[in-house]
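Below you'll find the structure, written out as structure tokens, and then a few comments.
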Number of protein chains: 2
Amino acid sequence: MNKKKPSVLEVAKEAGVSPATVSRVFNNNLKVNSEMKERVLAASKKIGYKRNFYAKALIEGKTNFVGLILTRFEIRHYTGIVSAAESVIDDAGYIFVVTSSKYSKQKEQEKITLFSDLNFAGIVIITVGLSDEEIVDISKKSAPLIIFDRKVKGYEDKCIYFDYCGYQKSITELLINKGHQDILHLCGPTRLQVYKEKFNGYIRAMKENHLSARINYIVSDRATNEAGYNIMKKALKNRKFTAVVCQNDQLAFGAMSAIKEHGLTIPGDISITGFNDVPEAEFTSPSLTTVNFDYAAVGNFIGRKILSEIKKEKFTDSVPFFKIIERKSVKTL
Amino acid sequence: MNKKKPSVLEVAKEAGVSPATVSRVFNNNLKVNSEMKERVLAASKKIGYKRNFYAKALIEGKTNFVGLILTRFEIRHYTGIVSAAESVIDDAGYIFVVTSSKYSKQKEQEKITLFSDLNFAGIVIITVGLSDEEIVDISKKSAPLIIFDRKVKGYEDKCIYFDYCGYQKSITELLINKGHQDILHLCGPTRLQVYKEKFNGYIRAMKENHLSARINYIVSDRATNEAGYNIMKKALKNRKFTAVVCQNDQLAFGAMSAIKEHGLTIPGDISITGFNDVPEAEFTSPSLTTVNFDYAAVGNFIGRKILSEIKKEKFTDSVPFFKIIERKSVKTL
DNA sequence: TTGTACGCGTTATCAT
DNA sequence: ATGATAACGCGTACAA
């Protein structure tokens, strides 16, 4: 049994043509007689020929890999996005692969460099470690690079970002319009742009409505269920708020648990809102009023954006809008 | 400005040695004088030389890619596993990349073939579409292949699987021991081995305790929050159970929502259990009694298993154990 | 339109 | 221990 994979030479011999012709056939090169094409295809099939990806990559200096570098695989609301992006990119004939940086600046850098050295056709990254300047700098020598969920100065047109400030402001205003004045804000780590923006949105909503926001926010280092629970536990010791605006659904879930444990009802005693609309948000008790992030639309957008970048086509679509989903966790005072 | 990347030839010229020597240096080949090594390293650094991955892959016929093929990125309890596996594999110097099949048998097949054609060092797949025979067959011509979360006949030693039957039986018995006799079982799609096994566990627990299981289970096509909600909605119309055993936490979340909406309390009127212990399970009201799946340990196990497979080393570790986490969702009758 | 021959950058082989 | 050279499999300029 001969283990060695057949190459163009074997196919050429089998089909009675030159290796160049075989190559042309597989490149959809038009300059090839249809009869010969048939012969080549038949011969390839017969001996089980497959193009060698690496020989091609070596000579062409490019590949059809598209890489996504996440922060962490565990981020609940990213998973649906990744899935949708994969569909678009797969369908376009590219090989889509995902990795993560685990919030390490060094790993972000290493993986961009790695994928670039591997001549990836395109890279999408969710980066929190690299500075704006570093990103601009790296992008100059890297494969086509798209930044997700962040606006980088001097690189805006390659960034996909959302008006988190505006959305967080809107949902805060929803609470204000329903009569709430003392509104607590549960923040994620504000060194990350996403959380910082949301924080700004909350502050603006409060200020514009002449409400005191100064001491009514708590910044946690991680935006998890657990953090929400722990923070709320403390906050309840000296409660002077009727509503809580959380920067994501997980914080809200944790906070809801603490509130109930404290013997308070939602939304009877305390109203609460989330952000992202993860699948669980509809099935908590009460169901959570939150900001819906259309995963499929966003993932699709990412896919089309990186593909247009690869093909150097214009891409002027504007980012999908989010919408507030009103459920049962907010009471009118 | 010269865009072209330097090759071994440039380095060789710069260092005044032969290309072969340069190659040897970068392969940690011992047969090279330390003084020359210094010269080569210095020259490489000076002109910014980097090994070409594809030239190497072409001649060696192998790479250090390790691929993971998921079903879907959205599966909540897999994300932590992926993360842990990535750490192990990254640290071992391999390039770890993740994709998904979206439950398509064809995609499962395509991606295994793709990764094999790309000479991946190893592949891990969570497969639900391919039959046992097909897997055995494919494995013969593929890169080293590990199957996760499934026991494949004739391929057992390359499979990582758990005693889901036993665990589901145990948690059902927990309910029985607390006095429950009418226990509803919410199933995922039983065409998948994981769900089928859990189903068997429930049945065995009931039978061994001489309880009727025959009509007390409902099979859903998807094991989501929504499915749990919808199923429970219907089941409550003609309630004759005091407890519900769910095959995963999402089903339980949805069911809990429906139960509360129906005006019933948990665990007062109905006790409920989940499976997987996703992060939210601790923060529902009441917190959910469930089976804990140690994500970090399992991911680590996967990583070490595929690495041992790649290196053709023996690997006899046994799979991590799960444990039942008793929280507040079960009442003693 | 088709074939010939060379080059991509590396490692392996065989001398030295 | 080091160097010269072939070989990996493909794409393409150039010749036919």
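The chains referred to below are lettered A, B, ... by the order of the sequence lines, with proteins before strands, and numbering in each begins at 1. Atom set for the values below is all heavy atoms of this structure, side chains included, hydrogens, waters and symmetry mates excluded.
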- Message: Side chains of B/Glu74 and A/Val82, heavy atoms from C-beta outward: is any pair under 4.5 Å?
- Response: no
- Query: Rounded to whole angstroms, how far apart are NZ on A/Lys56 and C1' on C/dG7?
  - Reply: 16 Å
- Item | Terminal helix-axis angle for the helix from C/dT1-D/dA16 to C/dT16-D/dA1, with five pairs defining each axis and rounding to 10 degrees | 40°
- Item | Under 4.0 angstrom between A/Ser18 side-chain N/O and C/dT4 OP1 or OP2 | no
Give me the distances for all protein-to-nucleotides 12-16 of chain C N/O pairs that come in under 3.5 Å?
none

- Query: Closer to the 5' end of DNA chain D via nearest nucleotide, is it B/Ala55 or B/Val32?
  - Reply: B/Val32
- Message: Test: salt bridge (charged side-chain N to carboxylate O under 4.0 Å, His left out). Region: residues 11-30 of chain B. Which pairs qualify, not counting sequence neighbours?
- Response: B/Glu14-B/Lys46
- Message: I'd like to know if the side chain of B/Glu86 pairs up with that of A/Thr99 as donor and acceptor (distance under 3.5 Å, no hydrogens or angles considered).
- Response: no
- Message: Restricting to side chain to side chain contact (heavy atoms under 4.5 Å, CB included), what partner residues turn up for A/Glu197, sequence neighbours left out?
- Response: A/Tyr164, A/Cys165, A/Gln193
- Item | Start and end of chain A contact along DNA chain D [non-hydrogen atoms, under 4.0 Å] | D/dG9 to D/dA13
- Describe the nucleic acid contact of B/Lys37 in one word from base, sugar-phosphate, nothing, applying a heavy-atom distance below 4.0 Å. nothing
- Round to the nearest Å and state the distance from A/Glu35 atom CD to C/dT2 atom C1'. 13 Å
- Item | Backbone of B/Thr127 reached by a side-chain donor or acceptor of B/Glu108 within 3.5 Å | no
- Check each of A/Val32, A/Leu41, A/Val40 against A/Val22 using the side chain to side chain contact (heavy atoms under 4.5 Å, CB included) test, and report the only one that passes. A/Val40
- Query: Taking the six-membered ring for Trp, is the centroid-to-centroid distance between A/Phe162 and A/Phe321 below 6.0 Å?
  - Reply: no
- Nearest-Å distance, CG (A/Leu9) to C1' (C/dA5)? 12 Å
- Item | Between C/dG9 (P) and A/Asn119 (CG): distance, integer Å | 11 Å
- Aromatic contact, B/Phe53 with B/Phe65 (centres under 6.0 Å): yes
- For B/Val17, report the nucleic acid contact type (base, sugar-phosphate, nothing); a contact means any heavy atom under 4.0 Å. sugar-phosphate
- Start with the C-alpha gap between B/Phe26 and B/Tyr49, add the side-chain angles, then the distance that decides, and say whether ring pair (Phe, Tyr, Trp, His ring centres under 6.0 Å) holds. CA-CA 11 Å; B/Phe26 282 93; B/Tyr49 166 74; 5.1 Å; yes
- Item | Upstream residue (5' side of DNA chain D) when B/Leu58 and B/Asn33 are each assigned their closest nucleotide | B/Asn33
Side-chain donor-acceptor distances from residues 296-308 of chain B under 3.5 Å, at least two apart:
residue	atom	partner	partner atom	Å
B/Asn300	OD1	B/Arg304	NE	2.6
B/Arg304	NH1	B/Asp317	OD2	2.5
B/Lys305	NZ	B/Asp157	O	2.7
B/Ser308	OG	B/Lys305	O	2.8

- Message: Using whole Å, what does the distance between atom P of nucleotide C/dC8 and atom NZ of A/Lys62 come to?
- Response: 18 Å
- Query: Under 4.5 Å between any side-chain heavy atoms of A/Ile160 and A/Val124, yes or no?
  - Reply: no
- Message: Within the 4.0 Å heavy-atom criterion, would you say B/Tyr49 contacts the bases, only the backbone, or no part of the nucleic acid?
- Response: sugar-phosphate
